[in-house]
J.: 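One structure coming up, written as structure tokens, with questions to follow.
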Amino acid sequence: MHATAEPVITFDIAKNLGLTEDEFERIKTILGRTPNFTELSIFSVMWSEHCSYKNSITWLKTLPREGKRLLVEAGEENAGLVDIGDGLACAFKIESHNHPSAIEPYQGAATGVGGIHRDIFTMGARPIAALNSLRFGNPDLAHTKRLVRGVVSGIGNYGNCFGVPTVGGEVYFNDCYNQNILVNAMSAGIVKVGETVSATAAGPGNPVLIVGSATGKDGIHGATFASADLTEDSAEDLPAVQVGDPFQEKLLLEASLEAIKTGAIVGMQDMGAAGITCSTSEMSARGNVGMRIDLDKAPTRQAGMKPFEILLSESQERMLIVCEKGREAELKAVFDKWDLVCEQIGEVTENERLEFYFHGEKVADVPTQELVLGGGAPVYKREYTRPEYLKKIAQFKSSAVPRPENYVATARRLFASPNLVSRRWIYEQYDSMVRTGSMSTNKPSDAALVWVKGTKKALALTTDCNSAYVYADPYVGTMIAVAEASRNIVCSGGEPVAITNCLNFGNPYNPEVYWQFVHAIKGMGDACRKFDTPVTGGNVSFYNQSVFKDRTEPVYPTPTIGMLGILDDVSLQTGMYFQEAGAQIYMLGTPHNDLGSSEYLRVIHDIHHSPPPYFDLDEEYHIQQQIKALIRKRLIRSAHDVSEGGLFGALLECAMVEGLGFDVETDSNFRKDAYLFGESQSRVIISVKTEMEDELVNHLNANNVSFSKLGEVKGDHILVDSEDYGAVASWKQVYDETLTGILEAE
């Protein structure tokens, strides 16, 4: 084997590619020789954190990964696959595109959306819904505004052109994300059970095809880029950011689904991180086979591309297909029809090795199993220590927090916070109605609801994580993230089924960061077991911290939960808002003298270190079971969970949809600020028609549900303890216009 014009390989070169000295020595042992530069590049991307999960897999394996509805095991395919009945399945997944979006926000976000949709339709499922979870820094900063505008444009333009509605998501602002933003994208699709395609290679002699777009130099070493800290010099890595084309992706979607119907496809995988390298490695390893690949046969956009550039390119809108031998012409005809590349670049072999050739010269020869997660890729157990900042949190005393002198003025100030106002400026740039499946536009509910055409079913989808809670206590905070996702689906009329996750943390080599990660995983596991929502897969994104000459700034730990639920009957859809005057308002769940980690503490008192809000897992589960029962008995008109902004925030959101006011009383057994603005969990605001009130109360008493009658829906003003807080319309104006004013101000 020869390697033309390649450097003499030393550890310094390996280090520049992100490998440790031990890993470099391990590669030499595996190969029985020193790798050439192309081989070293292959190992560097496949053993990067982004591809190998080497610092996380030990803990990820502790998560519950089995469930009666799961059709594939977690991590075995491109996305999770869940049986939703009627012979249909839902493929869904969430992934991050954080580092690229921080450097080039438009393309970073756009290609994140494109990549997650490809994971879905590569399995044979047609994407029907997109969601996202975004984190930005201080919105008053010009830098943040530029990032928000770029990310939102990238998500909106790609999704709108591709033709899949963005039906939900979340956006938070916090100074910890000033330099390192988080862009997590989720997709869900529908496929008939039994008509999926596996990402597995099989059948020695079967042709290996590359389909979709031509290969260019964009995205080279993108997986390595995503597995390192952002620094002041990261902009120099701009070639690591891919460039997306949603119109090309639309063609690829239709061509792929048509090609699957021919029956000629043995296996297919999206070319995401590490491009040809990752897709050939993972497909071969799953099938215990190898491949011989002729890199010069891959269509390229630029002349003179080197073998390692073709191998590592992360050019978008590409797939790798293993085809049944003799049926290549059938597939080529389909892709020709859609004006897409379809070229044979190799074949499956028996020897469990990847052999890459360039103009007849072998440029790399590596064993498949040694490259991948679960095979020979390194697995580490990192040390972890309890973070020092938790001592400051333990010193918090709510008794030291002064009570407001003017509750109306305090509420007005609090509910102008960017984290509590409408994201209208953002979501209006997304098409939520394309394909006409969204059920939440005209009847807002806590989760996004998407009708499954041809059935009485709907998918209930949500993304949730309050990273301030996780920062305060990673174990409890992550349990709350799972619980809130489940609560949102339950309040909408659905049954929680399974989750996907996007685990955004700082540098895993930092023992305090790794402590956050470990305890977040423990919290997620315990909550998912309680709600019977197994983890179908997802994404780990470490190194979300910015390194400057004088300091390091890690983000808050942000384990985003993407949850799938099912409404077996769309008539169970439950809105989150008050629907008629005269309805009675109840709070299910127990209030507490609790201000922990609330937006109220941050905005009104500038307190950023306090415990997470009150949470009890058993209590939460019981409340959710009773909400489900009430909806199925059709006893309630609306249901909305209490979360950021506390009880007052929940009531305000219930009121603003139809402009209906309310008259409620607080409970003198609690601090009024805690009662109104505290964020203790496991509480839901419901409204009920007066004639159903007795039946409701009887049910709650019979099932040992803690509840309080708060008051009544009436008028167009807000009254709390007989004090007029103003017209609902005035609150809605602030709610709708605040973020727009901030983001559009120069």
Side-chain angles (χ1 to χ4, degrees), residues 133-135 170-177 182 184 386-387 389-390 392-394 396 398 401 414 417-420 446 462-488 499 501-506 512-513 515-528 530-531 544 554-563 589 591-605 607-617 619-620 623 641-647 649-650 674 677-684:
S133 177
L134 311 176
R135 301 292 186 281
E170 56 173 5
V171 185
Y172 288 92
F173 298 92
N174 189 290
D175 286 354
C176 74
Y177 305 109
L182 303 183
N184 297 173
R386 185 178 177 85
Y389 71 81
L390 292 176
K392 190 173 181 180
I393 288 174
F396 171 80
S398 60
V401 178
L414 174 59
S417 163
N419 286 328
L420 297 179
D446 280 3
T462 186
T463 56
D464 287 285
C465 180
N466 185 315
S467 59
Y469 298 170
V470 186
Y471 176 75
D473 186 323
Y475 176 74
V476 173
T478 307
M479 283 202 295
I480 290 174
V482 176
E484 184 176 359
S486 180
R487 197 186 317 138
N488 284 333
I499 76 160
N501 58 48
C502 204
L503 307 178
N504 306 275
F505 289 81
E512 293 192 352
V513 167
W515 188 94
Q516 294 172 329
F517 174 76
V518 169
H519 285 78
I521 293 294
K522 290 179 177 179
M524 185 184 305
D526 285 348
C528 286
K530 186 69 175 180
F531 296 114
N544 290 293
V555 301
Y556 280 1
T558 312
T560 303
I561 304 299
M563 187 174 283
H592 293 270
N593 269 325
D594 174 26
L595 297 171
S597 290
S598 61
E599 194 73 6
Y600 168 72
L601 279 186
R602 287 187 291 275
V603 172
I604 304 301
H605 300 286
I607 295 174
H608 297 266
H609 290 83
S610 62
Y614 172 87
F615 179 75
D616 180 276
L617 187 57
E619 200 175 306
E620 175 76 41
I623 286 289
D641 79 317
V642 176
S643 56
E644 290 86 7
L647 172 62
F677 310 132
E679 298 175 11
S680 59
Q681 299 294 293
S682 312
R683 293 181 294 157
V684 176

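Counting from 1, the numbers follow the sequence of the chain as shown. Side chains included, hydrogens not; waters and symmetry mates left out as well; all remaining heavy atoms used.
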J.: When the side chains of residues 474-485 are checked against the rest of the protein, which donor-acceptor pairs come out under 3.5 Å, sequence neighbours left out?
T.:
unit_1: Y475; atom_1: OH; unit_2: D526; atom_2: OD2; d: 2.5
unit_1: T478; atom_1: OG1; unit_2: P474; atom_2: O; d: 2.7

J.: Please round to the nearest 0.5 Å and tell me the distance separating atom CD1 of I607 and atom OH of Y600.
T.: 9.0 Å

J.: Does a side-chain heavy-atom distance below 4.5 Å link V470 with T558?
T.: no

J.: Kindly give the heavy-atom pair with the smallest separation between Y471 and Y389, and that separation in Å.
T.: O-OH, 2.8 Å

J.: Check H592 against A674 and note the closest heavy-atom contact, atom names and distance.
T.: O-CB, 3.9 Å

J.: Report yes or no: does N501 contribute a side-chain atom to a donor-acceptor pair with the main-chain N or O of L503 at less than 3.5 Å?
T.: no

J.: So, for A468 and R602, which heavy atoms are closest and what is the spacing to 0.1 Å?
T.: CB-NH1, 3.5 Å

J.: Kindly state whether the ring of Y177 and the ring of Y172 have centres lying under 6.0 angstrom apart.
T.: no

J.: Any sub-3.5 Å donor-acceptor pair from N544's side-chain atoms to V555's backbone N or O?
T.: no

J.: Are E619 and S682 close enough that a side-chain donor and a side-chain acceptor fall under 3.5 Å?
T.: no

J.: Check P612 against D473 and note the closest heavy-atom contact, atom names and distance.
T.: CG-CB, 3.6 Å

J.: Keeping the roles fixed (side chain from N184, backbone from T560), state whether a donor-acceptor pair exists under 3.5 Å.
T.: no

J.: Would you check if the side chain of N504 reaches a backbone N or O of P559 as a donor-acceptor pair within less than 3.5 Å?
T.: no

J.: Do C528 and I499 come within less than 4.5 Å of each other through their side chains, counting heavy atoms only?
T.: yes

J.: Looking at OG of S486 and CD of E620, how far apart are the two atoms once the value is rounded to the nearest 0.5 Å?
T.: 7.0 Å

J.: Do V401 and L601 touch side chain to side chain, with heavy atoms closer than 4.5 Å?
T.: yes

J.: Looking at CD of Q681 and CD1 of I623, how far apart are the two atoms once the value is rounded to the nearest 0.5 Å?
T.: 12.0 Å

J.: Quick check: does any side chain N or O of S610 sit under 3.5 Å from a backbone N or O of S597, one acting as donor and the other as acceptor?
T.: yes

J.: Going through the distances and angles, do R135 and C176 end up as a side-chain contact (heavy atoms from CB on, under 4.5 Å)?
T.: CA-CA 9 Å; R135 301 292 186 281; C176 74; over 6 Å; no

J.: Between NE2 of H605 and OG of S398, what distance do you get to the nearest 0.5 Å?
T.: 11.0 Å

J.: Give the intermediate values and the outcome of side-chain contact (heavy atoms from CB on, under 4.5 Å) for residues M563 and D464.
T.: CA-CA 8 Å; M563 187 174 283; D464 287 285; over 6 Å; no

J.: At what distance, to the nearest 0.5 angstrom, does CG of N488 lie from OG of S643?
T.: 7.0 Å

J.: Could you pull out the closest heavy-atom pair between G678 and R683, with the gap in Å?
T.: O-NH2, 3.1 Å

J.: From H609 NE2 over to L390 CG, what is the distance, rounded to the nearest 0.5 angstrom?
T.: 8.5 Å

J.: F505 and ring-ring contact (aromatic ring centres under 6.0 Å, His included): which partner among Y556, W515, F517?
T.: F517

J.: Using a 4.5 Å cut-off on heavy atoms from C-beta on, say whether the side chain of Y614 contacts that of N593.
T.: no

J.: Evaluate side-chain contact (heavy atoms from CB on, under 4.5 Å) for F677 paired with L595, printing each intermediate quantity in order.
T.: CA-CA 7 Å; F677 310 132; L595 297 171; 5.6 Å; no

J.: side-chain contact (heavy atoms from CB on, under 4.5 Å), that's the test. Do R487 and V684 meet it? Break it down for me.
T.: CA-CA 9 Å; R487 197 186 317 138; V684 176; 4.1 Å; yes

J.: So, E679 side chain and G645 main chain: donor-acceptor pair closer than 3.5 Å or not?
T.: yes

